[in-house]
S.K.: 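Structure provided below as structure tokens; questions to follow.
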Protein chains: 4
Amino acid sequence: MSEGNIAGDALRLYVERIERLTEERKGISDDIRDVYAELKANSFDTKTVRACIRLRAQERHARQEAQALLETYGAQLGLFD
Amino acid sequence: MSEGNIAGDALRLYVERIERLTEERKGISDDIRDVYAELKANSFDTKTVRACIRLRAQERHARQEAQALLETYGAQLGLFD
Amino acid sequence: MSEGNIAGDALRLYVERIERLTEERKGISDDIRDVYAELKANSFDTKTVRACIRLRAQERHARQEAQALLETYGAQLGLFD
Amino acid sequence: MSEGNIAGDALRLYVERIERLTEERKGISDDIRDVYAELKANSFDTKTVRACIRLRAQERHARQEAQALLETYGAQLGLFD
DNA sequence: ACGTTTGCGCTTTAGC
DNA sequence: GCTAAAGCGCAAACGT
């Protein structure tokens with residue numbers, strides 16, 4: 001058969017794309033790890049920095065929620081018409 | 001003070017680097033998600049593909065572990081001295 | 001009130017069950033530690049033994065995963081209907 | 001050779017003992033998991049219960065430390081002579 | 001859409 | 001004291 005196993009090839013392609021992306025993601029995780037190692041070497045406390053970042057993410061998230069709520073209300077009140 | 005809060009600046013820089021990297025990583029996760037969506041749209045079964053990838057990763061990992069074990073044995077037997 | 005704080009009692013019971021089990025688990029961990037100490041005292045290399053066990057566990061796990069994958073494929077192909 | 005591979009046998013024995021113990025430990029972990037599932041089914045909040053248990057462990061630990069400190073001081077002061 | 005279940009990242013602990 | 005592995009908690013993913 002000249003066409004080969006087309007479905008199998010497609011599957012292989014997908015699997016490889018995902019594995020490639022997963023590897024990239026792993027690389028970034030390693031980079032993050034390195035940054036933590038670096039700041040630790042400069043006498044910062046890793047745990048505290050992690051807490052800071054978590055907090056900032058939460059606040060960012062809360063802000064987005066508040067914004068979304070505002071827009072919902074605004075739409076209800078016809079402010080954007 | 002012309003130097004500002006140096007430690008604070010350094011911390012801010014680290015935090016921002018980490019946040020940037022985390023964002024990138026998130027982007028890649030989204031890409032992976034997209035690939036799954038795409039293959040699903042092409043009639044592949046997501047769960048099966050995930051299982052394939054997981055299995056491949058495990059086998060890869062087991063192979064590495066086996067290799068490491070061999071080296072440990074070798075070291076024990078003084079093969080590398 | 002003759003019934004006492006029922007919910008509180010139930011909670012206390014759960015907490016104590018969990019603490020008891022956790023303690024048991026800790027005991028077993030200590031036993032494992034002792035076995036390693038014993039084999040070390042008999043001139044075995046701890047690191048190597050750990051590597052062996054890890055490898056065996058991985059292979060066992062990979063085998064199970066492979067089996068699960070087969071079954072997933074089978075289900076996809078309607079082999080069990 | 002009538003004696004077989006003695007060192008190998010001893011190793012196998014150790015490995016099996018450890019694997020057995022590890023399995024038991026795993027079983028207990030599963031039991032704990034079950035308890036959490038059960039209390040969750042009875043409308044308790046898993047996360048809160050975990051927090052309680054952690055807190056109790058900490059307090060127990062703190063009490064032991066305080067006790068140890070007291071004994072150290074006591075010994076210094078010749079209270080137990 | 002929700003609840004359950006599994007996978008993944010972080011935290012913590014143990015070994016070196 | 002640091003690195004690496006194991007256990008735990010969370011969050012996304014699957015099934016209902």
Side-chain angles (χ1 to χ4, degrees), chain A residues 18 21-22 25-26 28-38 40-41 43 45-54 57-58 61, chain B residues 18 21-22 25-26 28-30 32-37 39-40 45-55 57-58 61 64-65 68-69 72 75, chain C residues 18 21-22 25-26 28-37 39-40 45-55 57-58 61 64-65 68-69 72 75-76, chain D residues 18 21-23 25-38 40-41 43 45-54 57-58 61:
Chain A
I18 291 168
L21 286 167
T22 304
R25 187 174 55 181
K26 183 64 166 43
I28 295 181
S29 288
D30 292 345
D31 290 346
I32 293 174
R33 193 189 180 80
D34 290 347
V35 177
Y36 276 112
E38 189 183 333
K40 184 176 187 174
S43 307
D45 179 55
T46 315
K47 195 173 177 177
T48 307
V49 176
R50 281 184 194 275
C52 285
I53 289 172
R54 217 179 304 130
Q58 277 175 20
H61 190 232
Chain B
I18 291 168
L21 286 167
T22 303
R25 186 174 57 181
K26 183 64 168 42
I28 295 180
S29 288
D30 292 345
I32 294 173
R33 194 189 178 83
D34 290 346
V35 177
Y36 276 112
L39 63 87
K40 185 175 191 176
D45 179 57
T46 319
K47 193 174 176 178
T48 308
V49 177
R50 282 183 193 275
C52 286
I53 289 172
R54 202 160 50 234
L55 183 59
Q58 276 178 21
H61 193 219
Q64 288 170 5
E65 188 79 26
L69 183 59
T72 307
Chain C
I18 291 168
L21 287 167
T22 304
R25 186 174 58 183
K26 184 64 168 43
I28 296 182
S29 287
D30 292 345
D31 290 346
I32 294 174
R33 193 189 179 82
D34 289 346
V35 178
Y36 276 112
L39 65 86
K40 187 173 190 177
D45 179 57
T46 318
K47 191 175 178 180
T48 308
V49 177
R50 282 183 192 278
C52 285
I53 289 171
R54 204 162 47 237
L55 182 58
Q58 276 178 20
H61 193 220
Q64 287 170 5
E65 188 80 27
L69 183 58
T72 307
Q76 280 289 312
Chain D
I18 291 168
L21 286 167
T22 304
E23 213 173 331
R25 186 174 57 181
K26 184 64 167 42
I28 295 181
S29 287
D30 292 345
D31 289 346
I32 294 174
R33 193 189 181 82
D34 289 347
V35 178
Y36 276 112
E38 189 183 332
K40 184 176 188 176
S43 306
D45 180 56
T46 315
K47 196 172 176 178
T48 307
V49 176
R50 282 184 194 276
C52 286
I53 290 172
R54 217 179 304 129
Q58 278 175 19
H61 190 233

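Here is how names work: the chains are called A, B, and so on, in the same order as the sequence lines, proteins then strands, and each is numbered from 1.
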S.K.: Take atom CG of B/D45 and atom P of F/dG15, then tell me their distance rounded to the nearest Å.
M.R.: 8 Å

S.K.: Need to verify one output field. Residue with the more 5' nearest nucleotide on DNA chain F, B/E65 or B/K47?
M.R.: B/E65

S.K.: Given side-chain contact (heavy atoms from CB on, under 4.5 Å), test A/T22 with B/I53 step by step and report yes or no.
M.R.: CA-CA 10 Å; A/T22 304; B/I53 289 172; 5.7 Å; no

S.K.: Could you check how far CG of B/L69 sits from P of F/dA5, rounded to whole Å?
M.R.: 13 Å

S.K.: Distance check needed: F/dA6 C1' versus B/H61 NE2, whole Å only.
M.R.: 13 Å

S.K.: Looking at F/dG9, F/dG15, E/dT11, which one has an atom nearest to any side-chain atom of D/R50?
M.R.: F/dG9

S.K.: Under 4.0 Å from OP1 or OP2 of F/dG7: is there any side-chain N or O of D/K26 that close?
M.R.: no

S.K.: Of B/R54 and B/R25, whose closest DNA chain E nucleotide lies nearer the 5' terminus?
M.R.: B/R54

S.K.: Just call it for B/S29: base, sugar-phosphate, or nothing, with non-hydrogen atoms closer than 4.0 Å on any strand.
M.R.: nothing

S.K.: Whole angstrom is fine here: how far is it from OH in A/Y36 over to P in F/dT3?
M.R.: 17 Å

S.K.: Answer with base, sugar-phosphate or nothing: what part of the nucleic acid does A/R33 contact at a heavy-atom distance below 4.0 Å?
M.R.: nothing

S.K.: Write down the atom of C/A51, the atom of B/L69, and the distance for their closest heavy-atom approach.
M.R.: CB-CD1, 3.4 Å

S.K.: Report the distance from atom NZ of A/K40 to atom P of E/dT11, rounded to the nearest whole Å.
M.R.: 12 Å

S.K.: Send over the distance from C/D34 CG to E/dA14 C1', rounded to a whole Å.
M.R.: 14 Å

S.K.: A/I18 has an atom CD1; how far is it from atom P of E/dC8, in whole Å?
M.R.: 12 Å

S.K.: Using whole Å, report how far CD1 of D/I28 lies from C1' of F/dG7.
M.R.: 14 Å

S.K.: Can you tell if the side chain of C/R50 reaches within under 4.5 Å of the side chain of C/K47, non-hydrogen atoms only?
M.R.: no

S.K.: Flag the pair D/K26 / D/D30 as yes when at least one side-chain heavy-atom distance between them is below 4.5 Å, and no otherwise.
M.R.: yes

